[in-house]
Amino acid sequence: MVQEPSHVGSNLAKMALMPKYFNYMGMLAVEGTYDKLEALLSQNIHPVDILLMMAASEGDKPKLEELLRAGANYTVKDANGLTALDKAASDEIKDLILGFSPQKA
């Protein structure tokens, strides 16, 4: 079972139905299965951090802002040692992540 890390706030109570949220984020349409999600969850990575990695790789600014507001941590590493910054689709996405402030969003 994935333990909720201390960096994730109470806003994530809404994310209890992770597959539904995963579907909403458009990932199921791209992947066709939940295999990628399940593999990351098996590494005890919190779902919001998983989604941040995926949104960074897609370069999806609205998703990134939503996830960062929800408490996602861009320094969490996947099994390959990569973070959301490493997976960022562009330097613009890296800058968005590094410069994000909930007060500005």
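Side-chain atoms are counted along with the backbone in the values below, which use heavy atoms only and exclude waters and symmetry mates. On a predicted model such as this, the values are computed, not experimentally measured, just so you know.
Across all their heavy atoms, Ala79 and Gln43 have their closest contact at N-OE1, 2.9 Å. Heavy-atom minimum distance, Ala89 versus Ser57: CB-O, 3.5 Å. The nearest pair of heavy atoms linking Ala84 to Ala56 is O-CB, 3.4 Å. What you find for Lys94 and Ala88 is that their closest heavy atoms are CG-CB, 3.5 Å.
Note on Leu98: it does not cluster hydrophobically with Leu82, by side-chain heavy-atom contacts below 4.5 Å among ILVMFWY residues.
Taking 4.0 Å as the cut-off between side-chain N and carboxylate O, Asp78 and Lys87 count as a salt-bridged pair.
When side chains are defined from C-beta on, Asp86 does not count as touching Met53, because their heavy atoms never get closer than 4.5 Å. Using a 4.5 Å heavy-atom cutoff, the side chains of Tyr74 and Leu85 are in contact. At a threshold of 4.5 Å between non-hydrogen side-chain atoms, the residues Asp60 and Met54 do not count as touching. A heavy-atom distance below 4.5 Å is found between the side chains of Lys61 and Ile93. In this structure, the side chains of Leu52 and Leu64 come closer than 4.5 Å at one or more pairs of heavy atoms. Using a 4.5 Å heavy-atom threshold, the side chains of Phe100 and Arg69 count as touching.
Judged by distance alone, with hydrogens and angles left aside, the side-chain atoms of Asp95 form no donor-acceptor pair with the main-chain N or O of Glu92 at under 3.5 Å. Looking only at distances, a side-chain donor or acceptor of Asp49 sits under 3.5 Å from a matching main-chain atom of Asn73.
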